[in-house]
Amino acid sequence: MSTTTTEELSATTLLRFATAGSVDDGKSTLVGRLLHDSKSVLADQLEAVERASASRGQDAPDLALLTDGLRAEREQGITIDVAYRYFATPRRRFILADTPGHVQYTRNMVTGASTAELTVILVDARNGVVEQTRRHAAIAALLRVPHVVLAVNKMDLVDYQESVFAAIAEEFTAYALELGVPEITAIPISALAGDNVVDPSANMDWYGGPTFLEHLETVPVSHDLSHCHARLPVQYVIRPQTAEHRDYRGYAGQIAAGSFRVGESVTVLPSGRTSTISGIDLLGEPVDIAWTTQSVTLLLEDDIDISRGDLIVPTKDAPATTQDIEATVCHVADAPLTVGHRVLLKHGTRTVKAIVKDIPSRLTLDDLSLHPHPGQLVANDIGRVKVRTAEPLPVDSYADSRRTGSFILIDPSDGTTLTAGMVGESFASPEPVKDEAEDDGWDF
Amino acid sequence: MTTVAALEEGTDSPYALSHLDALESEAVHIFREVAGEFERPVILFSGGKDSIVMLHLALKAFAPAAIPFSLLHVDTGHNFPEVIEYRDRTVDKHGLRLHVASVQDYIDRGVLKERPDGTRNPLQTLPLTEKIQSEKFDAVFGGGRRDEEKARAKERVFSLRDEFSQWDPRRQRPELWNLYNGRHAPGEHVRVFPLSNWTELDVWQYIDREDIELPQIYFAHEREVFKRSGMWLTAGEWGGPKDGETVEKRLVRYRTVGDMSCTGAVDSDAVTLDQVITEIAASRLTERGATRADDKLSEAAMEDRKREGYF
């Protein structure tokens with residue numbers, strides 16, 4: 001064991017990614033192989049799985065038991081909620097949001113994808129692109145996950161034919177590009193046999209691209225900040241009021257996008273007051289510049305009124321504030337969202353009262369068609385919503401900023417998280433919504 | 001002064017954070033969200049490495065001001081003396097307020113009964129939940145990590161608990177982006193896990209990078225231990241060794257700190273942080289599998305305890 005281990009392991013970046021796949025596409029096998037081949041399954045975990053499998057009368061260890069953590073999941077043999085898994089290679093650390101594949105768990109895929117920089121969509125090489133694949137691609141596009149991997153699995157069952165892979169990759173890529181998915185990488189694999197998951201496959205000489213793990217290790221994790229609008233939602237005002245720091249007044253928060261520099265002119269929203277950054281503390285250390293997603297404390301030259309919920313932005317690049325927000329939403333609660341619903345809206349660090357003014361359409365993920373005026377959205381529905389807020393909010397388009405373009409709706413009576421919202425135009429609304437006489441069952 | 005970081009492999013930007021910086025920033029964000037949204041938060045502090053890292057992160061989050069939280073220790077009565085000494089010294093050093101919920105008190109009052117196996121871990125739930133109610137804590141920080149155990153892998157960062165502190169894994173709020181929802185009714189509280197996305201190795205690397213002091217039991221030392229259910233336990237008044245169990249002196253260290261009756265030591269000669277990290281990186285056993293007896297009680301032991309209000 002080398003003594004340089006510590007340094008080698010420290011010099012790594014973090015990739016958050018999410019998996020999506022239908023029930024029998026082999027998602028558990030792929031996750032299991034990744035964990036196993038990256039040596040993230042330890043002896044006692046494997047032993048526990050072997051013991052549990054044997055007690056159920058199964059011949060071989062059921063690797064799904066590694067990931068299905070809840071009693072109900074093990075009893076039913078299904079995954080019912082997002083689980084987060086962790087593994088590492090010498091090049092990178094990974095946080096995997098392992099999301100269930102059923103249609104009724106769309107909200108869980110949205111949850112997993114909301115923080116992911118990459119989504120893996122698994123298809124069975126024998127079946128190719130199916131409805132569920134299109135759903136997953138649509139959600140990845142809606143959530144603006146920067147990278148999408150199409151893993152064409154079970155290549156061993158189609159004799160590792162290049163033509164099968166090429167046809168699926170072509171069909172998927174055309175579809176996903178139309179949705180606006182920015183980057184697609186297709187990889188032919190067999191999770192069961194291990195082809196192209198961690199090691200290059202000897203069975204597919206025709207494939208010249210990276211293995212699945214190699215791609216995860218090398219995909220870029222951050223964007224060029226020069227194209228980002230700098231945004232700092234103020235979380236907390238730090239005022240030590242001690243002899244040493246009598247006049248210290250810092251605005252703490254995690255930079256949601258872009259970068260801030262000492263000396264920069266800034267505007268505080270929604271008040272519109274302006275000042276200049278006199279200092280930036282990065283967790284106790286003064287710095288000249290700080291960037292997304294660092295947690296910092298900004299010090300300003302002028303003593304102006306700023307509190308939790310405000311947004312600090314560069315004066316030259318301030319968003320407009322609005323009380324009328326139109327967004328694409330995914331409804332995540334069991335109780336429906338209806339027109340007239342009074343809710344709370346959390347955007348950044350600000351929570352305000354709001355009312356659902358209109359639900360212009362509901363999206364059918366199968367064919368991306370729009371049902372006009374559904375009257376309500378139920379669990380797992382994706383739709384367009386117009387919300388009026390009690391106070392003006394500085395929202396960005398979700399297309400520009402995943403953090404300052406997103407919000408959640410909360411039920412004020414019991415605190416339930418109702419709806420995930422993405423501000424602005426959606427890929428799925430190119431055509432004007434038209435009322436159809438035969439569209440029954442969705443108008444209330 | 002920080003300049004732009006060196007370009008790292010796998011990034012197209014000099015602004016990519018290292019994995020430890022990313023985890024640190026996320027944890028600080030969580031601490032500040034709680035400070036901004038709750039009335040009476042408290043940090044569960046056992047003197048174990050995870051709670052020590054939590055405290056360190058909280059100190060950084062509010063620097064140069066003091067932490068706006070108090071600490072709570074659920075004292076099983078079977079503690080390692082080095083850990084209690086560390087706990088009290090740390091509380092003094094930072095001028096913090098420490099609440100203690102004592103399992104021994106409950107046993108003395110006859111409210112709780114000693115278990116036949118002598119472990120007091122499951123007995124912690126009642127003193128903890130009653131303390132939360134009596135002190136009206138509305139946010140309770142725990143050092144739980146999702147990599148520890150498969151039920152914990154399903155845990156949210158903000159985890160709503162009812163007035164009985166119960167966790168219902170099927171009724172969790174989806175957690176979207178970094179928009180944590182801390183709404184709760186009077187009597188309910190939220191368990192908050194700032195280290196959710198950290199692994200055991202991350203914790204150790206961070207301790208190393210930040211040069212954080214730990215209780216000495218985390219490093220190899222000679223100790224009188226005896227073997228029970230395949231684990232090295234420390235002999236003591238809590239009830240070991242029993243007939244047929246023999247004490248021997250071994251070079252050991254602890255990977256976790258908990259109740260003496262169910263926290264095992266591992267054979268080790270690692271006396272520095274570098275050596276500990278090397279040892280953990282090479283280990284074929286998880287932290288809990290290697291050293292926790294209580295998780296071996298059943299396949300869903302952790303899930304069942306969590307449902308009842310355990311952390």
Side-chain angles (χ1 to χ4, degrees), chain A residues 1 3 5-6 9-10 12-14 42-45 52 69-71 81 83-86 91-93 95 107 111 114-115 217-225 235-236 238-240 245 248 252 254 282-284 287-288 291 293-295 308 332 346 349 402-403 406 408 410 414-415 417 420, chain B residues 1-2 8-13 15-20 22-23 25 28-29 32-33 35-36 60-66 146-147 150-151 153-154 169-170 172-179 181 183-185 197 199 201 205 208-209 274 277-278 281-286 289-290 299-300 303:
Chain A
M1 211 20 89
T3 50
T5 310
T6 308
L9 288 170
S10 303
T12 56
T13 49
L14 190 62
L42 299 184
D44 56 315
Q45 293 171 320
L70 301 175
R71 198 181 276 281
D81 202 353
Y84 294 87
R85 327 228 161 259
Y86 305 83
R91 297 163 94 171
R92 192 169 261 180
R93 294 296 178 96
I95 299 178
R107 57 185 169 192
T111 300
S114 73
T115 52
E217 284 180 317
T218 52
V219 72
V221 285
S222 59
H223 307 284
D224 182 356
L225 295 184
Q235 278 190 289
Y236 193 75
I238 294 180
R239 289 193 304 136
H245 300 285
Y248 189 101
Q254 187 174 28
L282 180 64
L283 305 181
V287 293
D288 292 331
W291 56 86
T293 53
Q294 290 180 328
S295 280
R308 175 174 169 83
V332 296
K346 184 171 184 184
T349 53
R402 288 173 88 189
R403 284 211 166 176
S406 58
I408 54 172
I410 298 169
D414 63 1
T417 299
Chain B
M1 291 272 170
T2 300
E8 304 216 39
E9 188 175 9
T11 72
D12 60 355
S13 159
Y15 301 105
L17 303 189
S18 77
H19 85 278
L20 282 182
L23 292 172
S25 180
V28 164
H29 173 257
R32 289 168 168 178
E33 278 299 281
K60 288 186 105 170
F62 302 99
R146 291 181 181 137
D147 82 317
K150 54 188 181 297
K154 300 267 172 180
R170 301 195 93 155
Q172 301 190 88
R173 290 173 178 164
E175 229 154 47
L176 299 140
W177 299 285
N178 63 341
L179 295 169
N181 176 359
R183 295 266 148 183
H184 59 284
N197 287 323
T199 64
L201 197 55
Q205 289 185 320
D208 187 34
R209 187 184 92 172
D274 255 4
I277 290 167
T278 302
S283 173
R284 298 299 302 140
L285 291 178
T286 64
E299 205 183 324
E303 179 183 346

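The analysis underlying the following values was restricted to heavy atoms, covering all of them including side chains, and did not include hydrogens, waters or symmetry mates.
Counting heavy-atom pairs closer than 4.5 Å to chain A, the top-ranked of the candidates Pro64(B), Ala63(B), Ala66(B) is Pro64(B). Heavy-atom pairs under 4.5 Å with chain B peak, among Thr111(A), Ile95(A), Thr115(A), at Thr111(A). The residue among Thr199(B), Leu179(B), Leu23(B), Val28(B) with the most heavy atom pairs within less than 4.5 Å of chain A is Leu179(B).
The closest donor-acceptor contact from the side chain of Arg32(B) to the backbone of Ala252(A) lies at 3.5 Å or more, if one exists at all. Of the possible donor and acceptor atoms, none in the side chain of Ser295(A) sits under 3.5 Å from a partner among the backbone N and O of Gln254(A). When atom types are taken as modelled, the side chain of Arg173(B) and the backbone of Gly415(A) share a donor-acceptor pair closer than 3.5 angstrom.
Using a 4.5 Å cut-off between heavy atoms, Ile408(A) touches chain B through backbone and side chain atoms alike. Both the backbone and the side chain of His29(B) come within contact range of chain A, with heavy atoms under 4.5 Å apart. For chain B, the nearby part of Tyr236(A) is the side chain; its heavy atoms alone come within less than 4.5 Å. With a 4.5 Å cut-off on non-hydrogen atoms, Ala61(B) touches chain A through its backbone but not through its side chain.
Residue-environment remark: CZ (Arg183(B)) stays at or below the threshold of 12 foreign heavy atoms within 6.0 Å.
Between Lys346(A) and Thr417(A) the shortest side-chain heavy-atom distance does not fall below 4.5 Å.
Thr13(A) and Arg92(A) form a side-chain donor-acceptor contact under 3.5 Å, judged by distance and modelled atom types alone.
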